[in-house]
Protein chains: 2
Amino acid sequence: MNLKSFETQVAVSTEDICREIFRNRSGSIRIKKERVAVGNLVKIFKATLKLANNKGFHAMSLRDLCAESGMSMGGLYAYFKNKEELLTLIQEQGRAIVARVMGDQLSGIDDADRALDVAVRSHLYLSEVLQPWFFFSYMETRFFNAAEGRRAIDGELQTEGIFSDILQKGIAGGQFAIGDPLLVAAAIKALLQDWYLKRWKYRRRKISVEAYADFVLSLISAYGAGKHAKGANHGVA
Amino acid sequence: MNLKSFETQVAVSTEDICREIFRNRSGSIRIKKERVAVGNLVKIFKATLKLANNKGFHAMSLRDLCAESGMSMGGLYAYFKNKEELLTLIQEQGRAIVARVMGDQLSGIDDADRALDVAVRSHLYLSEVLQPWFFFSYMETRFFNAAEGRRAIDGELQTEGIFSDILQKGIAGGQFAIGDPLLVAAAIKALLQDWYLKRWKYRRRKISVEAYADFVLSLISAYGAGKHAKGANHGVA
DNA sequence: GTCTATACAACGATAGAC
DNA sequence: GTCTATCGTTGTATAGAC
(Lines give C-alpha, C1' and ligand atoms only; values in the text may rest on other atoms or scores of the structure.)
Protein backbone atom coordinates (compact mmCIF):
# COMPACT_ATOMS: atom_id res chain seq x y z
CA MET A 1 0.00 0.00 0.00
CA ASN A 2 1.31 3.43 -0.94
CA LEU A 3 -0.03 6.95 -0.34
CA LYS A 4 -1.86 7.18 -3.67
CA SER A 5 -3.80 3.95 -3.21
CA PHE A 6 -4.60 4.95 0.35
CA GLU A 7 -5.93 8.33 -0.75
CA THR A 8 -8.27 6.90 -3.38
CA GLN A 9 -9.53 4.32 -0.89
CA VAL A 10 -10.18 6.64 2.05
CA ALA A 11 -12.14 9.86 1.61
CA VAL A 12 -10.80 12.38 4.09
CA SER A 13 -10.84 15.76 2.42
CA THR A 14 -11.51 18.82 4.55
CA GLU A 15 -14.95 19.00 2.97
CA ASP A 16 -15.73 15.38 3.88
CA ILE A 17 -14.78 16.10 7.45
CA CYS A 18 -16.81 19.30 7.61
CA ARG A 19 -19.90 17.55 6.27
CA GLU A 20 -19.49 14.95 8.97
CA ILE A 21 -19.15 17.62 11.62
CA PHE A 22 -22.26 19.41 10.36
CA ARG A 23 -24.36 16.24 10.48
CA ASN A 24 -23.10 15.24 13.90
CA ARG A 25 -23.59 18.64 15.50
CA SER A 26 -26.48 20.19 13.61
CA GLY A 27 -28.01 20.87 17.03
CA SER A 28 -25.38 23.38 18.12
CA ILE A 29 -24.85 24.92 14.68
CA ARG A 30 -27.30 27.74 14.00
CA ILE A 31 -27.18 27.53 10.19
CA LYS A 32 -29.51 24.96 8.69
CA LYS A 33 -28.66 24.75 4.97
CA GLU A 34 -26.01 22.05 4.55
CA ARG A 35 -24.37 23.61 1.51
CA VAL A 36 -23.90 26.96 3.22
CA ALA A 37 -22.84 25.49 6.54
CA VAL A 38 -20.30 23.05 5.09
CA GLY A 39 -18.78 25.76 2.92
CA ASN A 40 -18.29 28.03 5.90
CA LEU A 41 -17.00 25.26 8.11
CA VAL A 42 -14.32 24.54 5.51
CA LYS A 43 -13.29 28.20 5.58
CA ILE A 44 -13.27 28.26 9.38
CA PHE A 45 -11.21 25.10 9.81
CA LYS A 46 -8.68 25.90 7.14
CA ALA A 47 -8.15 29.34 8.65
CA THR A 48 -8.00 28.02 12.22
CA LEU A 49 -5.46 25.31 11.39
CA LYS A 50 -3.29 27.74 9.47
CA LEU A 51 -3.25 30.39 12.18
CA ALA A 52 -3.15 28.08 15.20
CA ASN A 53 -0.35 25.94 13.76
CA ASN A 54 1.70 29.07 13.21
CA LYS A 55 1.20 30.94 16.43
CA GLY A 56 -0.84 28.68 18.68
CA PHE A 57 -4.57 28.46 19.23
CA HIS A 58 -4.50 30.78 22.21
CA ALA A 59 -2.51 33.45 20.45
CA MET A 60 -4.89 33.35 17.50
CA SER A 61 -7.54 35.98 18.17
CA LEU A 62 -11.02 35.70 16.72
CA ARG A 63 -10.29 38.94 14.87
CA ASP A 64 -7.37 37.14 13.20
CA LEU A 65 -9.73 34.32 12.35
CA CYS A 66 -12.23 36.74 10.78
CA ALA A 67 -9.55 38.21 8.54
CA GLU A 68 -8.14 34.83 7.49
CA SER A 69 -11.49 33.12 6.89
CA GLY A 70 -13.15 36.14 5.29
CA MET A 71 -16.07 35.88 7.69
CA SER A 72 -17.38 38.31 10.26
CA MET A 73 -17.40 38.02 14.03
CA GLY A 74 -21.12 37.39 14.15
CA GLY A 75 -20.84 34.91 11.32
CA LEU A 76 -18.31 32.80 13.18
CA TYR A 77 -20.45 32.55 16.28
CA ALA A 78 -23.18 30.81 14.30
CA TYR A 79 -20.91 27.74 14.23
CA PHE A 80 -19.69 27.52 17.82
CA LYS A 81 -20.80 29.07 21.07
CA ASN A 82 -17.31 30.07 22.23
CA LYS A 83 -13.68 29.76 21.27
CA GLU A 84 -13.09 26.66 23.35
CA GLU A 85 -15.85 24.81 21.51
CA LEU A 86 -14.00 25.46 18.26
CA LEU A 87 -10.96 23.76 19.76
CA THR A 88 -13.02 20.80 20.94
CA LEU A 89 -14.71 20.49 17.57
CA ILE A 90 -11.46 20.08 15.67
CA GLN A 91 -9.96 17.70 18.21
CA GLU A 92 -12.98 15.43 18.54
CA GLN A 93 -13.42 15.05 14.82
CA GLY A 94 -9.74 14.27 14.40
CA ARG A 95 -9.84 11.52 16.99
CA ALA A 96 -12.99 10.04 15.47
CA ILE A 97 -11.42 9.90 12.02
CA VAL A 98 -8.25 8.20 13.24
CA ALA A 99 -10.25 5.58 15.13
CA ARG A 100 -12.56 4.93 12.19
CA VAL A 101 -9.89 4.76 9.47
CA MET A 102 -7.55 2.57 11.52
CA GLY A 103 -10.46 0.27 12.40
CA ASP A 104 -11.57 0.00 8.78
CA GLN A 105 -8.10 -0.72 7.50
CA LEU A 106 -7.38 -3.38 10.11
CA SER A 107 -10.72 -5.14 10.07
CA GLY A 108 -10.48 -8.73 8.86
CA ILE A 109 -6.70 -8.88 9.06
CA ASP A 110 -5.56 -11.77 11.23
CA ASP A 111 -1.89 -12.11 10.44
CA ALA A 112 0.24 -10.05 12.86
CA ASP A 113 2.91 -9.25 10.27
CA ARG A 114 0.36 -7.90 7.86
CA ALA A 115 -1.53 -6.05 10.62
CA LEU A 116 1.63 -4.29 11.73
CA ASP A 117 2.41 -3.23 8.18
CA VAL A 118 -1.11 -1.94 7.59
CA ALA A 119 -1.31 -0.16 10.95
CA VAL A 120 1.98 1.69 10.49
CA ARG A 121 1.21 2.67 6.90
CA SER A 122 -2.40 3.68 7.56
CA HIS A 123 -1.38 5.95 10.40
CA LEU A 124 1.46 7.53 8.43
CA TYR A 125 -0.59 8.04 5.27
CA LEU A 126 -3.53 9.43 7.23
CA SER A 127 -1.29 11.86 9.07
CA GLU A 128 0.23 12.85 5.73
CA VAL A 129 -3.17 13.71 4.24
CA LEU A 130 -4.35 15.46 7.42
CA GLN A 131 -1.02 16.83 8.60
CA PRO A 132 -2.39 20.18 9.87
CA TRP A 133 -5.10 18.33 11.81
CA PHE A 134 -2.62 15.98 13.46
CA PHE A 135 -0.18 18.76 14.30
CA PHE A 136 -2.95 20.83 15.80
CA SER A 137 -4.32 17.98 17.89
CA TYR A 138 -0.91 17.15 19.29
CA MET A 139 0.03 20.71 20.15
CA GLU A 140 -3.24 21.95 21.59
CA THR A 141 -4.28 18.89 23.59
CA ARG A 142 -2.88 20.09 26.87
CA PHE A 143 -4.95 23.28 26.81
CA PHE A 144 -8.03 21.27 27.59
CA ASN A 145 -9.89 21.25 30.84
CA ALA A 146 -9.62 18.17 33.03
CA ALA A 147 -12.50 16.19 31.54
CA GLU A 148 -11.51 16.66 27.92
CA GLY A 149 -7.87 16.23 28.79
CA ARG A 150 -8.59 12.75 30.00
CA ARG A 151 -10.28 11.91 26.71
CA ALA A 152 -7.23 13.18 24.84
CA ILE A 153 -4.96 10.96 26.92
CA ASP A 154 -7.27 8.04 26.22
CA GLY A 155 -6.88 8.80 22.52
CA GLU A 156 -3.11 8.67 22.80
CA LEU A 157 -3.23 5.40 24.69
CA GLN A 158 -5.87 3.97 22.38
CA THR A 159 -3.74 4.42 19.25
CA GLU A 160 -0.80 2.98 21.10
CA GLY A 161 -3.02 0.10 22.19
CA ILE A 162 -3.63 -0.83 18.56
CA PHE A 163 0.10 -1.39 18.15
CA SER A 164 0.67 -3.21 21.43
CA ASP A 165 -2.27 -5.52 20.67
CA ILE A 166 -0.76 -6.43 17.32
CA LEU A 167 2.65 -6.98 18.90
CA GLN A 168 1.26 -9.19 21.64
CA LYS A 169 -0.62 -11.22 19.09
CA GLY A 170 2.56 -11.69 17.07
CA ILE A 171 4.44 -12.78 20.19
CA ALA A 172 1.75 -15.29 21.10
CA GLY A 173 1.82 -16.65 17.55
CA GLY A 174 5.58 -17.01 17.62
CA GLN A 175 6.10 -14.56 14.74
CA PHE A 176 7.64 -11.77 16.82
CA ALA A 177 10.59 -12.20 19.15
CA ILE A 178 10.36 -9.21 21.48
CA GLY A 179 10.05 -9.10 25.23
CA ASP A 180 8.72 -5.57 25.70
CA PRO A 181 5.70 -4.95 23.45
CA LEU A 182 4.59 -1.87 25.44
CA LEU A 183 7.92 -0.13 24.95
CA VAL A 184 8.02 -1.05 21.28
CA ALA A 185 4.47 0.22 20.80
CA ALA A 186 5.43 3.50 22.48
CA ALA A 187 8.45 3.76 20.20
CA ILE A 188 6.37 3.16 17.08
CA LYS A 189 3.96 5.86 18.21
CA ALA A 190 6.83 8.28 18.80
CA LEU A 191 8.25 7.61 15.33
CA LEU A 192 4.84 8.10 13.70
CA GLN A 193 4.36 11.36 15.56
CA ASP A 194 7.73 12.64 14.44
CA TRP A 195 6.53 12.37 10.86
CA TYR A 196 3.75 14.92 11.24
CA LEU A 197 5.40 17.05 13.93
CA LYS A 198 8.66 17.56 12.00
CA ARG A 199 7.15 17.50 8.55
CA TRP A 200 9.39 20.40 7.46
CA LYS A 201 12.50 18.39 8.23
CA TYR A 202 11.57 15.38 6.15
CA ARG A 203 10.30 17.58 3.33
CA ARG A 204 13.61 19.41 3.25
CA ARG A 205 15.44 16.10 3.05
CA LYS A 206 13.12 14.85 0.33
CA ILE A 207 12.09 11.74 2.23
CA SER A 208 8.78 10.36 1.01
CA VAL A 209 6.16 9.02 3.37
CA GLU A 210 6.55 5.57 1.82
CA ALA A 211 10.29 5.62 2.44
CA TYR A 212 9.67 6.65 6.04
CA ALA A 213 7.15 3.84 6.47
CA ASP A 214 9.70 1.36 5.12
CA PHE A 215 12.26 2.67 7.55
CA VAL A 216 10.02 2.43 10.62
CA LEU A 217 8.97 -1.09 9.70
CA SER A 218 12.51 -2.26 9.07
CA LEU A 219 13.70 -0.72 12.34
CA ILE A 220 11.23 -2.64 14.47
CA SER A 221 11.61 -5.68 12.26
CA ALA A 222 15.33 -5.74 13.03
CA TYR A 223 14.46 -5.60 16.71
CA GLY A 224 12.36 -8.72 16.34
CA ALA A 225 8.90 -7.63 15.26
CA GLY A 226 7.97 -7.76 11.59
CA LYS A 227 8.15 -9.65 8.34
CA HIS A 228 11.83 -10.34 8.33
CA ALA A 229 12.21 -10.60 12.07
CA LYS A 230 14.85 -12.45 14.06
CA GLY A 231 17.92 -10.46 13.24
CA ALA A 232 17.48 -9.39 9.64
CA ASN A 233 19.34 -6.21 8.85
CA HIS A 234 17.66 -3.82 6.45
CA GLY A 235 19.95 -0.92 7.02
CA VAL A 236 22.49 -1.81 4.40
CA ALA A 237 21.73 -1.51 0.73
CA MET B 1 26.51 5.62 33.50
CA ASN B 2 23.23 5.90 35.38
CA LEU B 3 21.12 8.90 36.43
CA LYS B 4 22.66 9.19 39.90
CA SER B 5 26.24 9.33 38.67
CA PHE B 6 25.23 11.80 35.97
CA GLU B 7 23.56 14.06 38.52
CA THR B 8 26.56 14.24 40.82
CA GLN B 9 28.82 14.91 37.87
CA VAL B 10 26.79 17.64 36.20
CA ALA B 11 25.46 20.59 38.21
CA VAL B 12 22.20 21.67 36.61
CA SER B 13 19.88 22.67 39.43
CA THR B 14 17.45 25.51 38.81
CA GLU B 15 19.64 27.69 41.01
CA ASP B 16 22.77 26.90 38.99
CA ILE B 17 20.95 27.87 35.84
CA CYS B 18 19.56 31.07 37.32
CA ARG B 19 22.99 32.14 38.50
CA GLU B 20 24.28 31.59 34.98
CA ILE B 21 21.45 33.65 33.54
CA PHE B 22 22.11 36.47 36.00
CA ARG B 23 25.79 36.62 35.13
CA ASN B 24 25.17 36.46 31.39
CA ARG B 25 22.47 39.10 31.33
CA SER B 26 23.33 41.42 34.19
CA GLY B 27 22.97 44.21 31.68
CA SER B 28 19.26 43.80 31.11
CA ILE B 29 18.42 42.84 34.71
CA ARG B 30 17.78 45.86 36.89
CA ILE B 31 18.62 44.19 40.22
CA LYS B 32 22.31 44.20 41.08
CA LYS B 33 22.70 42.02 44.18
CA GLU B 34 23.37 38.48 43.02
CA ARG B 35 21.78 36.76 46.01
CA VAL B 36 18.53 38.69 45.62
CA ALA B 37 18.41 38.41 41.86
CA VAL B 38 19.15 34.67 41.72
CA GLY B 39 16.55 33.96 44.40
CA ASN B 40 13.89 35.83 42.47
CA LEU B 41 14.89 34.31 39.16
CA VAL B 42 14.40 30.86 40.69
CA LYS B 43 10.91 31.84 41.80
CA ILE B 44 10.09 33.32 38.39
CA PHE B 45 11.30 30.33 36.38
CA LYS B 46 9.73 27.69 38.59
CA ALA B 47 6.40 29.52 38.41
CA THR B 48 6.65 30.13 34.66
CA LEU B 49 7.46 26.51 33.86
CA LYS B 50 4.67 25.25 36.07
CA LEU B 51 2.02 27.54 34.64
CA ALA B 52 3.16 27.50 31.01
CA ASN B 53 3.51 23.71 30.92
CA ASN B 54 -0.05 23.41 32.18
CA LYS B 55 -1.88 25.96 30.09
CA GLY B 56 0.64 27.33 27.63
CA PHE B 57 2.87 30.36 27.80
CA HIS B 58 0.42 32.59 25.98
CA ALA B 59 -2.50 31.62 28.19
CA MET B 60 -0.43 32.33 31.30
CA SER B 61 -1.06 35.94 32.25
CA LEU B 62 1.51 37.94 34.15
CA ARG B 63 -1.06 38.23 36.94
CA ASP B 64 -1.08 34.43 37.14
CA LEU B 65 2.67 34.59 37.32
CA CYS B 66 2.55 37.13 40.16
CA ALA B 67 0.27 34.89 42.21
CA GLU B 68 2.33 31.75 41.58
CA SER B 69 5.74 33.33 42.15
CA GLY B 70 4.66 35.50 45.08
CA MET B 71 6.07 38.58 43.38
CA SER B 72 4.42 41.78 42.22
CA MET B 73 3.88 43.06 38.71
CA GLY B 74 6.51 45.75 39.11
CA GLY B 75 8.88 43.26 40.70
CA LEU B 76 8.70 40.95 37.70
CA TYR B 77 9.54 43.68 35.25
CA ALA B 78 12.89 44.22 36.93
CA TYR B 79 14.01 40.92 35.37
CA PHE B 80 12.74 41.22 31.80
CA LYS B 81 11.53 44.11 29.70
CA ASN B 82 8.49 42.29 28.33
CA LYS B 83 6.76 38.92 28.32
CA GLU B 84 8.45 37.75 25.15
CA GLU B 85 11.89 38.29 26.65
CA LEU B 86 10.96 35.92 29.47
CA LEU B 87 10.20 33.28 26.84
CA THR B 88 13.49 33.91 25.06
CA LEU B 89 15.43 33.78 28.32
CA ILE B 90 14.22 30.31 29.22
CA GLN B 91 14.70 28.94 25.73
CA GLU B 92 18.18 30.32 25.18
CA GLN B 93 19.49 29.09 28.47
CA GLY B 94 18.04 25.64 27.83
CA ARG B 95 19.76 25.37 24.46
CA ALA B 96 23.04 26.57 25.89
CA ILE B 97 22.94 23.95 28.66
CA VAL B 98 22.19 21.10 26.26
CA ALA B 99 25.04 22.12 23.97
CA ARG B 100 27.50 22.53 26.85
CA VAL B 101 26.64 19.32 28.70
CA MET B 102 26.58 17.19 25.57
CA GLY B 103 29.89 18.70 24.48
CA ASP B 104 31.50 18.09 27.88
CA GLN B 105 30.31 14.52 28.08
CA LEU B 106 31.47 13.63 24.58
CA SER B 107 34.80 15.40 24.61
CA GLY B 108 37.73 13.03 24.34
CA ILE B 109 35.63 10.03 23.34
CA ASP B 110 36.82 8.56 20.06
CA ASP B 111 35.12 5.19 19.91
CA ALA B 112 31.80 5.42 18.06
CA ASP B 113 30.12 2.71 20.17
CA ARG B 114 31.01 4.48 23.37
CA ALA B 115 30.09 7.90 21.96
CA LEU B 116 26.64 6.69 20.97
CA ASP B 117 26.06 5.26 24.42
CA VAL B 118 27.21 8.44 26.15
CA ALA B 119 25.25 10.72 23.81
CA VAL B 120 21.97 8.84 24.26
CA ARG B 121 22.35 8.58 28.03
CA SER B 122 23.52 12.16 28.53
CA HIS B 123 20.56 13.52 26.62
CA LEU B 124 18.06 11.31 28.43
CA TYR B 125 19.48 11.99 31.88
CA LEU B 126 19.68 15.71 31.23
CA SER B 127 16.09 15.81 30.03
CA GLU B 128 15.12 13.83 33.12
CA VAL B 129 16.70 16.37 35.46
CA LEU B 130 15.37 19.35 33.48
CA GLN B 131 12.12 17.85 32.24
CA PRO B 132 10.01 21.03 32.66
CA TRP B 133 12.66 22.99 30.76
CA PHE B 134 12.74 20.54 27.88
CA PHE B 135 8.98 20.28 27.68
CA PHE B 136 8.64 24.05 27.68
CA SER B 137 11.26 24.53 24.99
CA TYR B 138 9.66 21.99 22.72
CA MET B 139 6.13 23.28 23.09
CA GLU B 140 6.76 27.01 22.93
CA THR B 141 9.36 27.09 20.18
CA ARG B 142 6.94 27.87 17.39
CA PHE B 143 5.67 31.02 19.12
CA PHE B 144 8.88 32.75 18.25
CA ASN B 145 9.37 35.43 15.65
CA ALA B 146 11.15 34.52 12.44
CA ALA B 147 14.70 35.22 13.60
CA GLU B 148 14.49 33.31 16.86
CA GLY B 149 12.51 30.55 15.19
CA ARG B 150 15.43 29.89 12.92
CA ARG B 151 17.74 29.56 15.91
CA ALA B 152 15.36 27.07 17.46
CA ILE B 153 15.37 24.99 14.28
CA ASP B 154 19.14 25.15 14.27
CA GLY B 155 19.06 23.80 17.82
CA GLU B 156 16.94 20.86 16.76
CA LEU B 157 19.20 20.09 13.84
CA GLN B 158 22.33 20.60 15.91
CA THR B 159 21.39 17.97 18.49
CA GLU B 160 20.43 15.64 15.68
CA GLY B 161 23.77 16.40 14.06
CA ILE B 162 25.59 15.08 17.12
CA PHE B 163 23.96 11.72 16.55
CA SER B 164 24.41 11.60 12.79
CA ASP B 165 28.08 12.52 13.19
CA ILE B 166 28.61 9.63 15.59
CA LEU B 167 26.75 7.28 13.27
CA GLN B 168 28.76 8.32 10.24
CA LYS B 169 31.96 7.87 12.17
CA GLY B 170 30.87 4.37 13.16
CA ILE B 171 30.03 3.52 9.58
CA ALA B 172 33.39 4.79 8.35
CA GLY B 173 35.14 2.73 11.03
CA GLY B 174 33.23 -0.40 10.09
CA GLN B 175 31.57 -0.69 13.50
CA PHE B 176 28.07 0.22 12.37
CA ALA B 177 26.23 -1.43 9.51
CA ILE B 178 23.54 1.04 8.56
CA GLY B 179 22.89 2.76 5.26
CA ASP B 180 20.78 5.70 6.43
CA PRO B 181 22.47 7.55 9.30
CA LEU B 182 20.30 10.65 8.87
CA LEU B 183 17.08 8.68 9.30
CA VAL B 184 18.49 6.78 12.27
CA ALA B 185 19.63 10.04 13.88
CA ALA B 186 16.14 11.49 13.41
CA ALA B 187 14.64 8.37 14.96
CA ILE B 188 16.94 8.57 17.97
CA LYS B 189 15.97 12.19 18.44
CA ALA B 190 12.28 11.32 18.24
CA LEU B 191 12.68 8.59 20.85
CA LEU B 192 14.60 10.90 23.19
CA GLN B 193 11.93 13.56 22.82
CA ASP B 194 9.18 11.10 23.64
CA TRP B 195 10.80 10.57 27.02
CA TYR B 196 10.32 14.14 28.18
CA LEU B 197 7.16 14.90 26.23
CA LYS B 198 5.26 11.85 27.50
CA ARG B 199 6.85 11.70 30.92
CA TRP B 200 3.47 10.95 32.53
CA LYS B 201 3.11 7.79 30.45
CA TYR B 202 6.46 6.28 31.40
CA ARG B 203 6.00 7.29 35.04
CA ARG B 204 2.64 5.53 35.12
CA ARG B 205 4.25 2.42 33.70
CA LYS B 206 7.13 2.62 36.17
CA ILE B 207 9.79 2.63 33.48
CA SER B 208 13.06 4.12 34.72
CA VAL B 209 15.17 6.42 32.60
CA GLU B 210 17.97 3.85 32.65
CA ALA B 211 15.63 1.16 31.35
CA TYR B 212 14.48 3.50 28.61
CA ALA B 213 18.07 4.30 27.67
CA ASP B 214 18.82 0.58 27.45
CA PHE B 215 15.80 0.11 25.23
CA VAL B 216 16.68 2.91 22.81
CA LEU B 217 20.27 1.69 22.54
CA SER B 218 19.26 -1.92 21.95
CA LEU B 219 16.71 -0.88 19.34
CA ILE B 220 19.24 0.93 17.18
CA SER B 221 21.86 -1.66 17.97
CA ALA B 222 19.61 -4.35 16.51
CA TYR B 223 19.26 -2.20 13.40
CA GLY B 224 22.99 -2.19 12.99
CA ALA B 225 24.38 0.67 15.05
CA GLY B 226 25.75 -0.03 18.51
CA LYS B 227 27.78 -2.30 20.71
CA HIS B 228 26.21 -5.57 19.74
CA ALA B 229 25.42 -4.61 16.20
CA LYS B 230 24.90 -6.91 13.21
CA GLY B 231 21.70 -8.66 14.12
CA ALA B 232 21.86 -9.07 17.88
CA ASN B 233 18.42 -9.26 19.45
CA HIS B 234 18.01 -7.64 22.84
CA GLY B 235 14.26 -7.83 22.96
CA VAL B 236 14.00 -11.24 24.52
CA ALA B 237 14.97 -11.82 28.11
C1' DG C 1 -28.04 34.06 7.23
C1' DT C 2 -24.62 37.70 7.62
C1' DC C 3 -22.77 42.07 8.98
C1' DT C 4 -21.42 46.20 11.90
C1' DA C 5 -21.16 48.31 16.22
C1' DT C 6 -20.42 47.92 20.78
C1' DA C 7 -20.11 46.07 25.70
C1' DC C 8 -17.08 44.95 29.06
C1' DA C 9 -13.52 41.98 31.04
C1' DA C 10 -8.65 40.94 30.99
C1' DC C 11 -4.30 41.85 29.22
C1' DG C 12 0.68 43.81 29.17
C1' DA C 13 3.12 47.50 30.66
C1' DT C 14 4.53 51.72 33.40
C1' DA C 15 4.76 55.61 36.75
C1' DG C 16 5.48 56.94 41.12
C1' DA C 17 5.08 55.99 46.24
C1' DC C 18 7.58 53.73 49.71
C1' DG D 1 14.50 46.87 45.47
C1' DT D 2 9.57 46.22 45.71
C1' DC D 3 4.75 47.45 45.70
C1' DT D 4 0.19 49.54 44.35
C1' DA D 5 -2.54 52.05 41.22
C1' DT D 6 -3.65 52.94 36.75
C1' DC D 7 -3.02 53.61 31.61
C1' DG D 8 -4.24 52.23 26.96
C1' DT D 9 -4.98 48.11 24.23
C1' DT D 10 -6.81 43.97 22.86
C1' DG D 11 -9.54 40.08 23.75
C1' DT D 12 -14.19 37.43 23.63
C1' DA D 13 -18.85 37.73 23.06
C1' DT D 14 -23.44 39.71 21.86
C1' DA D 15 -27.26 42.78 20.25
C1' DG D 16 -29.61 44.55 16.65
C1' DA D 17 -29.65 46.31 11.70
C1' DC D 18 -30.08 44.52 7.18
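In what follows, every chain begins at residue 1, and chains take the letters A, B, ... in the order their sequences are listed.
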Does the side chain of Pro132(B) come within less than 4.5 Å of Lys46(B)'s, by heavy atoms?
no
For residues 20-38 of chain B, which residues have at least one heavy atom under 4.0 Å from DNA chain C?
none
Check the phosphate of dT2(D) against Asn40(B), side-chain N and O only, distance under 4.0 Å to OP1 or OP2. Yes or no?
yes
Do the side-chain N or O atoms of Ser72(A) get closer than 4.0 angstrom to the phosphate oxygens (OP1, OP2) of dT2(C)?
no
Under a 4.0 Å heavy-atom cut-off, which of residues 47-60 of chain A touch DNA chain C?
none
Does the cation-pi check pass for Lys83(A) over Phe57(A), that is, NZ or CZ under 6.0 Å from the six-membered ring centre and within 45° of its axis?
yes
Can you find a side chain N or O atom of Tyr79(B) that sits less than 4.0 Å from OP1 or OP2 on dT2(D)?
yes
Determine, for Lys201(B) against Glu156(A), whether the closest basic-nitrogen to carboxylate-oxygen distance falls under 4.0 angstrom.
yes
Can you tell whether the side chains of Arg203(B) and Glu128(B) come within less than 4.0 Å, N to carboxylate O?
no
Could you list the donor-acceptor pairs under 3.5 angstrom formed between side-chain atoms of residues 92-99 of chain B and any protein atom two or more places apart in sequence or on another chain?
residue: Glu92(B); atom: OE2; partner: Arg151(B); partner atom: NH2; Å: 3.1
residue: Gln93(B); atom: NE2; partner: Glu20(B); partner atom: OE2; Å: 3.2

I'd like to know if Arg63(A) reaches the base of dT10(D) with its side chain such that a donor and an acceptor end up less than 3.5 angstrom apart.
no
CA sep, side-chain torsions, deciding dist, call: Tyr138(A), Phe135(A), ring pair (Phe, Tyr, Trp, His ring centres under 6.0 Å):
CA-CA 5 Å; Tyr138(A) 188 94; Phe135(A) 187 93; 8.1 Å; no
Compute whether any side-chain donor of one residue and acceptor of the other, for Asp194(A) and Tyr202(A), lie under 3.5 angstrom apart.
yes
For the backbone of Ile31(A) and the side chain of Tyr79(A), can you confirm whether one donor and one acceptor N or O come within less than 3.5 Å of each other?
no
